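Quantities reported herein were computed from a predicted structural model and do not represent experimental measurements.
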Amino acid sequence: MLITCPYCGPRNVSEYTYQGDGNRTRPDPASTDQAAWNEYVYDRLNPAGDHHEIWQHSGGCRAHLRVTRNTLTHVVTEVSFARDAGHRKSERHRKPGAHA
Amino acid sequence: MSPRRATAGGRIDRQRTIRFTFDGHQFTGHAGDTLASALLANGVTLFGRSFKYHRPRGVMTAGVNEPNALVTIVNGGVREPNIPATTVEIFDGLTAESQNRFPTLSYDIGALNQLGGRLLSAGFYYKTFMGPVIGPLKGTRLWMACEYFIRRAAGLGSAGLEKDPARYERMNAFCDVLVVGSGPAGLMAAQAAAESGARVILAELEAVPGGSANWSDEAIDGMPAAKWASSAVGKLKALENVRLLPRTTVWGYYDDNTLAAVERVTDHKSAPAKGEPRHRHWTIRAQTVVLATGALERPLVFPGNDRPGVMLADAARRYVNQFGVLPGEKIAIFTNNDSAYRAAHALKKAGAAIVAIIDLRREVSDAARQIAASVVGEHLTGHAVVATEGGKQVSGIKVQPFDIATASVSGDPRSLHADCLLVSGGWSPTIHLASQAGLKPVWIEQLQAFLPPQPTQKWLAAGAITGSFSTQEAISQGHAAGAKAADSKSAEPGDLPIADADSLDPCPAPIFEIKAPGKAFVDHQHDVTADDVRLAHREGFVSVEHLKRYTTLGMATDQGKTSNVPGLAIMAETLGKPIPEVGTTRFRPPFAPVSVGALAAERYGDIRPERLTPMHDWHVENGATLYAAGLWHRPMIYGLAGETVEQAYVRETKAVRGGVGLVDVSTLGKIAVQGPDAAAFLDRVYTNMFSTLAVGKARYGLMLREDGFVLDDGTTWRLGEHDFLMTTTTANAGKVMQHLEYLLDVVWPELRVHLTSVTDQWAGAAISGPKSREVLAACVTGTAVDNDALPFMGIVHGEIDGAPVMICRLSFSGELAYEVYCGAGHGTHVWATLMKGGENFGIVPYGLEALGTMRIEKGHVTGAEIDGRTTARDLHLDWMLSKKKPFIGSAMMDREGLLAEDRLQLVGIISLDNRPLNGGAHIVEHLDEANPHGSIGHLTAACYSPVLGRYIGLALVSGGKARHGSRAFVSDPLRRRFGPIEIVSHHFYDPEGSRMHG
Ligand SMILES: [Zn+2]
């Protein structure tokens with residue numbers, strides 16, 4: 001697998017560390033909504049197809065990247081700095097019943 | 001002269017004789033021989049015993065597709081089993097053994113399994129090992145005993161127990177064009193791509209590039225094909241932009257045109273040259289791949305088709321043309337296509353007698369007829385072989401008239417004398433890699449074969465893999481593919497070499513099996529017969545994938561290279577469906593077995609990277625015994641002559657508590673946390689406050705994970721308003737860095753904080769003990785170090801003999817203590833100066849054992865207690881959980897299960913029988929040595945405590961705090977350590993902390 005880091009260019013997947021589902025939004029730090037925290041900490045989307053993921057270029061510039069990857073074909077269609085996407089709300093929604 | 005070596009011919013070096021051993025007997029061969037060709041030349045036909053039935057087996061092929069002739073290569077104490085003799089190049093001193101026989105290959109007790117054949121039919125593993133579920137034997141151990149013997153009898157070679165001393169290495173490579181296979185198509189592709197300037201890698205699994213050119217009788221450009229090939233290889237070798245990799249099997253095709261290959265660098269040598277690895281693993285990323293992997297001949301399925309002396313027709317052609325070896329003297333040929341007639345021609349020319357050609361087809365091409373007429377013997381068209389005769393070697397065959405339309409035999413069988421039967425059931429393009437990087441393979445009726453699928457990655461196919469089997473087509477396809485792969489505009493097909501070859505058509509009659517009484521093998525390596533396939537179908541296995549797993553067809557080490565298509569054809573017939581509707585199973589990596597050593601390479605053994613502290617050489621020179629902690633090497637003890645480890649660390653501990661000692665703490669993780677929002681950031685990641693910390697002070701901090709469990713602990717020093725130096729435990733340095741980077745990049749990108757790992761930039765030494773202040777006062781200039789200038793958790797800057805240092809007064813040992821940091825380059829100088837300055841105070845260097853002892857006595861936690869399952873409360877660190885602010889983990893840490901009273905909690909343990917305790921031992925309320933059970937927790941660390949004069953430990957025990965003062969037992973059945981203990985507070989020593997504050 002090849003991921004094109006916006007900073008370093010195309011690099012082998014072995015330079016990256018998978019950092020999980022990129023569709024999660026951390027609740028407000030002061031929130032006491034246990035369901036929201038449960039969802040953030042434990043729920044993961046697992047689509048067959050395009051998936052938003054966070055990968056860290058740990059063997060390179062160490063930036064976290066927001067990667068759109070097809071879980072069936074491993075084709076990566078979009079890569080951007082997670083830092084820039086950080087404020088964006090997830091545009092994907094969990095399936096009904098996906099709560100723990 | 002060897003009995004089966006032709007007097008002339010072949011591409012072996014007859015001037016060079018090589019001596020090797022097979023099953024304890026000395027043999028000779030020539031340079032260029034494989035183990036199979038050399039043994040055949042010596043008249044050896046029996047190579048091994050089969051998997052289940054222990055039937056005698058010979059050589060069926062001449063290459064990587066060999067299912068039968070598996071041997072164990074013995075090199076000193078190292079045994080490498082299941083290597084096809086057809087792929088082993090002989091060298092002086094080679095030692096090989098046959099497999100799966102007892103006591104010897106010729107007299108094998110296991111052959112009795114043939115009588116019990118019904119017991120070992122399809123699915124025998126599943127059926128036999130279930131045992132009776134009803135009846136008188138239900139639940140008895142009888143079946144377990146049977147299983148032992150059957151498992152012992154059924155199998156392949158056995159590996160040795162010796163450690164493999166060979167070295168392996170990994171390489172990464174990049175190229176514009178990777179060509180897999182170096183037959184005429186591959187050579188032309190490499191040449192065309194190289195000419196246009198592309199960076200080319202040409203990988204060939206055999207020792208000598210050239211593929212079929214090495215054993216065809218054809219001519220290319222007016223010279224023997226083999227000569228043409230070697231001159232083409234010579235030209236490629238001379239090019240700067242071409243890398244030639246012989247003995248290299250490309251075994252996997254992965255995402256983004258990444259291919260995996262293994263190069264056997266020294267397997268063909270008596271001894272490797274200096275620095276040479278045994279195998280080299282290649283990860284090759286190619287812009288475009290040209291697959292010129294050729295085709296593999298298929299056998300036919302008929303009774304007795306596994307007897308030694310039955311061989312694929314093209315393999316025999318290779319043995320005679322490349323190795324000058326005749327596989328027999330009186331040879332019969334059995335075929336459903338024209339290609340086998342080439343073997344008849346070659347063997348006749350080399351001096352063998354062709355007894356008969358038995359062709360399933362009634363109608364045969366003129367070209368084939370002409371060859372049949374010229375090689376004498378009988379030409380039996382419309383006939384089939386229905387049996388082979390002989391014991392450990394074919395002595396004759398039985399033939400019968402055969403009708404293709406009904407696929408059945410008629411009339412009476414008649415016998416023919418022959419000592420070798422060559423078989424051809426058509427050709428299967430070698431589509432393994434193509435299939436790994438493509439959609440579904442395409443069934444072509446005319447060829448009765450699967451062709452490469454639609455690519456899903458960037459590859460082109462050329463030569464026999466495409467289903468066109470003529471050398472001229474291989475040349476033109478190879479050239480076109482190479483030029484296209486290199487994006488060349490200057491393809492000039494007019495200049496292509498001209499092949500002078502026969503016009504035999506390899507399209508076979510659609511017959512895979514001759515049905516007649518007797519065992520007819522489909523998968524020779526796993527002993528799967530045609531009847532096994534039908535039995536599995538009758539038992540309800542109708543999907544190919546299930547059938548494969550149930551019968552184990554195609555699942556042996558050869559991955560079914562000779563059996564997949566015939567097996568599929570028999571399944572299709574049984575199911576009453578056409579082959580393409582039954583489908584093919586997916587080809588998965590590896591194409592051929594890969595050594596585990598090549599995959600592990602430098603990740604294992606003596607070339608693993610190691611991390612050394614700046615003071616490492618000093619430790620070694622001063623008698624330290626080193627201890628591997630992750631990649632770090634740290635002093636364990638500085639033992640004196642004759643001291644045990646315990647004596648050494650007890651002496652070091654006493655010296656520290658009574659005077660002063662110095663320990664290397666450079667391995668602690670160190671992260672510079674800098675920026676206007678650094679303090680706010682630390683407030684969010686630590687459970688306690690850091691924004692209130694004064695500049696020039698340090699504070700102990702605790703970090704949780706998002707789920708509320710403890711992540712790590714350490715001290716963080718405020719060096720400036722916006723400048724913090726965070727320390728982490730040695731083991732978690734990388735994990736904490738990644739955790740913080742994630743938070744800043746993904747969760748709080750608005751925070752203006754920069755992180756820098758500075759672990760390797762700082763050397764650290766902790767000086768501990770009541771006299772540590774006096775030593776510092778004697779060594780440090782530029783700052784005072786008294787209690788006012790440097791109070792507990794204070795930081796000062798100064799110099800030690802000219803080297804700038806930063807000193808923080810903090811304690812892990814519980815004594816008055818300081819950590820002295822300096823630039824890594826000054827580490828040894830500062831360390832040596834402190835040791836020298838401490839001489840008058842009796843300073844000792846101390847290692848991890850003494851450090852660990854003092855932290856156990858103090859009840860400090862480390863990675864053994866912060867094991868990912870403990871909370872701050874479990875470790876009695878809840879005083880560090882701020883109620884004034886949210887922090888990572890604060891929302892999840894109060895969940896019901898994390899507050900339960902019976903959770904494992906940190907306690908101290910005292911051995912009551914005065915014997916040492918072991919980390920990892922269980923703690924039980926009631927001792928039951930015979931049947932250990934009822935664990936209430938486990939020891940995380942243990943030592944002899946000089947201050948208590950007892951063996952003590954730390955432990956995580958269920959409801960631990962409530963058990964203080966109670967008795968229990970250690971139960972450690974693996975180490976046979978059982979005995980009484982007392983559960984106490986984890987603060988064994990100076991719980992008020994008066995010593996370190998003094
Ligand atoms: Zn990068």
Side-chain angles (χ1 to χ4, degrees), chain A residues 1-4 7 10-42 52-59 61-66 69-76 80-88 100, chain B residues 170 172-174 254-258 283-287 437-439 456-458 603 680-681 683-685 704-709 734-735 737-757 884-898:
Chain A
M1 230 170 85
L2 204 62
I3 296 176
T4 302
Y7 189 67
R11 297 301 176 92
N12 195 325
V13 69
S14 59
E15 291 190 12
Y16 296 86
T17 307
Y18 183 60
Q19 291 287 30
D21 187 347
N23 298 293
R24 301 179 301 145
T25 310
R26 195 169 190 271
D28 181 87
S31 165
T32 55
D33 178 355
Q34 282 300 310
W37 281 106
N38 253 317
E39 183 175 300
Y40 175 68
V41 174
Y42 294 113
H52 298 303
E53 301 172 331
I54 303 292
W55 289 79
Q56 186 187 16
H57 194 189
S58 47
C61 64
R62 295 192 74 86
H64 287 79
L65 309 177
R66 193 181 151 84
R69 183 181 69 104
N70 189 306
T71 58
L72 299 175
T73 62
H74 296 182
V75 171
V76 173
S80 60
F81 288 121
R83 186 168 268 274
D84 299 336
H87 302 289
R88 271 209 314 253
Chain B
R170 289 189 302 156
N172 290 295
F174 303 85
Y254 293 94
D255 300 318
D256 290 307
N257 258 23
T258 308
T283 303
I284 303 171
R285 194 182 283 287
Q287 283 294 328
L439 302 173
T456 52
Q457 301 214 43
K458 279 193 77 180
R603 297 180 185 95
F681 176 60
D683 279 349
R684 297 187 192 185
V685 299
L704 306 187
R705 306 189 309 219
E706 288 279 18
D707 61 6
F709 290 88
K735 196 158 80 179
M737 182 72 183
Q738 212 148 32
H739 171 68
L740 301 182
E741 284 174 330
Y742 179 89
L743 292 170
L744 283 176
D745 240 10
V746 180
V747 182
W748 303 310
E750 70 279 9
L751 290 184
R752 294 161 300 165
V753 179
H754 192 82
L755 303 173
T756 314
S757 167
K884 296 186 190 130
K885 52 144 196 175
F887 50 84
I888 295 283
S890 60
M892 300 290 269
M893 67 181 187
D894 290 333
R895 288 178 290 164
E896 196 181 341
L898 302 190

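- Considering only heavy atoms from C-beta on, M892(B) comes within 4.5 Å of N38(A) through its side chain.
- Nearest heavy atoms, R83(A) versus P749(B): NH1-O, 3.3 Å.
- Looking at R62(A), both its backbone and its side chain come within 4.5 Å of chain B, counting heavy atoms on both sides.
- Atom OH of Y18(A) has more than 12 heavy atoms from other residues, nucleotides or ligands within 6.0 Å.
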Open item on the list: One pair to check against side-chain contact (heavy atoms from CB on, under 4.5 Å): E706(B) and Y42(A). What are the steps and the verdict?
Closed with: CA-CA 10 Å; E706(B) 288 279 18; Y42(A) 294 113; over 6 Å; no

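- The 12-atom threshold is not exceeded at CD of Q287(B), counting heavy atoms of other residues, nucleotides or ligands nearer than 6.0 Å.
- Heavy atoms of Q56(A) lying under 4.5 Å from chain B belong exclusively to its side chain.
- Remark: K735(B) pairs with L711(B), N732(B) by the side chain to side chain contact (heavy atoms under 4.5 Å, CB included) rule, at least two apart or across chains.
- Proximity of a side-chain donor or acceptor of D745(B) to a complementary backbone N or O of H64(A) within less than 3.5 Å is detected.
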Open item on the list: One pair to check against side-chain contact (heavy atoms from CB on, under 4.5 Å): R285(B) and L2(A). What are the steps and the verdict?
Closed with: CA-CA 10 Å; R285(B) 194 182 283 287; L2(A) 204 62; 3.2 Å; yes

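- Proximity to chain A is absent for every atom of Y254(B), based on heavy atoms less than 4.5 angstrom apart.
- Taking Y16(A) as the reference, H57(A) meet the ring-ring contact (aromatic ring centres under 6.0 Å, His included) condition, with sequence neighbours excluded.
- Only the backbone of T73(A) comes within contact range of chain B, with at least one heavy atom under 4.5 Å from a heavy atom of that chain.
- Within the 4.5 angstrom heavy-atom criterion, atoms from both the backbone and the side chain of N12(A) approach chain B.
- By the 4.5 Å heavy-atom criterion applied to side chains, R684(B) and P29(A) are not counted as neighbours.
- With hydrogens and angles ignored, the 3.5 Å screen pairs a side-chain donor or acceptor of Q34(A) with a backbone N or O of A891(B).
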